[in-house]
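One structure is given below, encoded as structure tokens.
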Amino acid sequence: MEASRKLTCRQRQVHFSFFLLGLSLVNAGELRHYSVVEEREGRSFVTNLVNDLGLGQLEFSSRGAKVVSKGNKLRLQLDQETGDLLLTEKVDREELCGHTEPCLLRFQVLLDNPLDIFQADLQITDINDHSPAFLDKEIMLTISESSLPGATFPLKNAQDMDVGQNGIDSYLVSSNPYFHVLTRKRSDGKKYPELVLDRALDREEQAELRLTLTAQDGGSPTRSGTTEVHIEVLDFNDNAPQFEELLYRVQIPEDSPIGFLITTVSATDKDIGVNGQISYSLFQASDDISKTFSIHPLTGEVRLKEQLDFEKTQSYEVNIEARDAGTFSGKCTILTQVVDVNDHTPEITLSAFTNPIPENLPETMVAVFTVSDLDSGENGKITCSIQDDLPFFLRPSGENFYTLLTQKPLDRETTAEYNITITVTDLGTPRLTTQHTITVQVSDVNDNAPAFTQTSYTLFVQENNSPALHIGTISATDSDSGSNARITYSLLPAHDSQLTLDSLISINADNGQLFALRALDYEALQTFKFLVGATDQGSPALSSQALVRVLVLDANDNAPFVLYPLQNASAPCTELLPRAAEPGYLVSKVVAVDRDSGQNSWLSFQLLKATEPGLFSVWAHNGEVRTSRLLSERDAPKHRLLLLVKDNGDPPRSASVILHVLLVDGFSQPYLPLPEAAHEPAQDDDALTLYLVIALASVSSLFLLSVLLFVGVRLCRRARPASLGGCSVPEGHFPGHLVDVGRAGTLSQSYPYEVRLMGDSGTDEFKFLKPILPNFQDHPLGSETGEISNCRNDWDFGIQLK
Ligand SMILES: *[C@@H]1O[C@H](CO)[C@@H](O)[C@H](O)[C@H]1NC(C)=O
Ligand SMILES: *[C@@H]1O[C@H](CO)[C@@H](O)[C@H](O)[C@H]1NC(C)=O
């Protein structure tokens, strides 16, 4: 036996198997069953083999019974005497058999003499000595909130070492509204729990659940084990985004810049993650709105994309959509009110404009215009004005219509052009103003007659002028314009029909130049007057006239003409001189005239030649020939004097006078020893007498005429004292040696004469006329000469006869 124990285990088993095979042949079919409960402390009785085998105690003990167990797992002890089989130590069924049930341990009882082998099983029965246990302390489970009620979620089963009745019997779950648990049995008999959804989950209500899962065995008393089930509810896109407000009201000034933040919309989604990601967009936006507004898809900022214009659109309704990743969306509306800003300047539109406007018209329409402002309210109200100082006014005619009118007749000659500035201002803040200037021309009407630069013209022409001499220019102006101011000059028909003006004067119709057509003769025509006309070319034409007085200036073109003594070679004049004459005796007086006037007619006398020089002297200024000394018997009876009469012209003109003087002894006895008389026919004396008579008659008639004239002039003067001014003192002093013989127009009537009558005594002087003008009395010339023959007035003259 000892030796066999030393054999290896396998050899021993083989050996033992053969051995048993031999024995079993003996006792085949006879297997005894025993059972013992596990975990029994101390020795536990299994059976009494003496009784079981039916052997007597002696026999049993003598046959050397042995118990052999496979693998010696069982600590069995056999009492050789009594045959009791005992288990010497506590056995653990789970250790010996695990989950194998029933747990049978085979052993053999060997008897010698003869060898008998009995087979026996020892069954170790289970007790509930283990609790169910879950492998994991916590079971993680994710369930979508979209799972429908009735959905099942199998869970891992719990373990229990015990078997059979003592194994896991059922599962329980802590009380909750969503789940109950079912205990399911797998094909291998193991039981596992299965969660069944009773009610739909809502992540938004409860995002996770913690349940306690309990596994119970069927032992008595029951044992249990628990684990925690952590259920995470998976989000399902079951919520639509929701805006904080459904209607946003905003007001934006129309001048807000592009990019202006109008408002920020905000929506929330109860879902999480992708399902809660919101993107904003314009909803069903018209072209206008999508052009004008933009929204940031993530932030929800609504901004201006385009300039607003209140005048185009006053409000916008912008619909916004918020959409999550799924199919859900929310809507809101932004009511955008555009606020008017005074951003439009008023405008002026001329619809009618009359230019030029004729002058002299009463209230006349000049322009019609409309004003407009695109703004609204106060911003669009307009006031309209023009300058105050213009003769125009505005008349409102209809809405925003104005008529510009003249206030009164205009005068082109005062103002030919007006700049009218129309100012329109709206009432917004700040005020906006537009100005428009129209220039109105005033057109001419022929309302002004030509006006001469002078009311009368006095032209001076030197006589003996060359024909077609330009003697002066008249000129007129016309304040009209164009043809209304184009002036034509003309000569008007003379009132004096005697004056043949056409032969005297011509006028240049264009420039008013006057020409003397022929040479003028002062002695024939000293002055003449005529009217000139100036006519414009307006329609109707206007004209005016002016007086032109032409004064012909004297030229020294006439030599002095000797009136006395008559200068005729055939009948020389002889003065008689008494031999008894005192010195200073007036022998004769030379009377001469000059048809010229003024200086040209101032005459001076001088003795050129005498047969007896020193006997006679001539007073230069009056032509008196006087004796210078006493006469004596020695003096020749006949004397011939050559005198010169010279005027004061430049150059002077002169005439010579031959004077014969015959000395006589006493006036009553004229000594006439004239040789000429001897051979002169008697007719000569008759002729001389006739001349003297004629001279005397003419002097007498002159005198009479002079008296009449004098009286007439006196009367005339008394009536018109003012006309005294017409007669003026000549400029400068009269040369002492000159005699003015007058410059009257009617020459023949104004020549001063001094006639000494034959036979007159030297003392027979008489004065017909006193000096006419008192002021000439004081005149040095007048007082010196005692003779006045100087007067500017045509009618004033003086005659002194001696
Ligand atoms: C009107 O305006 C024009 C242009 O500015 C100017 O030449 C003209 O002198 C003005 N006329 C008057 C009457 O002010
Ligand atoms: C002057 O003399 C001429 C002749 O020489 C004569 O014909 C004439 O009549 C005379 N004149 C006067 C006024 O005697």
Side-chain angles (χ1 to χ4, degrees), residues 342-375 378-454 475-489 510-512 534-544:
N342 194 16
D343 57 347
H344 286 91
T345 50
E347 283 174 21
I348 302 171
T349 316
L350 266 187
S351 47
F353 181 32
T354 316
N355 187 30
I357 45 172
E359 59 177 332
N360 297 344
L361 286 187
E363 200 173 283
T364 313
M365 190 203 80
V366 179
V368 178
F369 60 92
T370 51
V371 293
S372 57
D373 191 312
L374 290 177
D375 294 317
E378 290 290 295
N379 295 338
K381 280 192 190 147
I382 308 173
T383 60
C384 187
S385 66
I386 59 167
Q387 303 102 298
D388 290 337
D389 52 348
L390 295 183
F392 295 91
F393 71 100
L394 286 175
R395 176 180 292 161
S397 33
E399 197 185 353
N400 291 339
F401 257 94
Y402 287 91
T403 312
L404 178 68
L405 299 150
T406 58
Q407 241 167 20
K408 56 180 187 192
L410 301 177
D411 183 18
R412 189 203 66 83
E413 285 71 37
T414 316
T415 315
E417 183 188 77
Y418 292 94
N419 284 341
I420 305 169
T421 303
I422 303 168
T423 307
V424 286
T425 307
D426 63 22
L427 302 179
T429 315
R431 300 202 164 189
L432 295 177
T433 292
T434 302
Q435 289 196 327
H436 183 79
T437 299
I438 56 178
T439 301
V440 177
Q441 312 278 349
V442 183
S443 67
D444 189 41
V445 165
N446 193 21
D447 55 349
N448 286 283
F452 279 100
T453 51
Q454 294 167 239
S475 126
T477 54
D478 193 314
S479 40
D480 292 321
S481 71
S483 64
N484 292 337
R486 204 167 304 140
I487 296 175
T488 314
Y489 299 95
D510 292 332
N511 55 21
T535 308
D536 62 25
Q537 295 182 1
S539 173
L542 295 175
S543 60
S544 62

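Read the numbers this way: they start at 1 and go in the same order the structure lists the ligands and their atoms.
- Taking every heavy atom of both residues into account, T429 and N342 meet most closely at N-ND2, 3.9 Å.
- Note that atom 13 (C) of ligand 1 has protein non-hydrogen atoms nearby, at separations under 4.0 angstrom.
- The only member of T433, D373, T345 that meets side chain to side chain donor-acceptor pair (under 3.5 Å) when paired with T425 is T433.
- The presence of a protein heavy atom under 4.0 Å from atom 7 (O) of ligand 1 is ruled out.
- Closest to atom 2 (O) of ligand 1 by heavy atom, among V440, N419, I420, is N419.
- Scanning for side chain to side chain contact (heavy atoms under 4.5 Å, CB included) contacts around D510 gives N508, with sequence neighbours left out.
- Closest of all the heavy-atom pairs between Y489 and A476 is OH-N, 2.9 Å.
- Annotation: E417 places an N or O atom under 3.5 Å from an N or O atom of ligand 1; distance criterion only.
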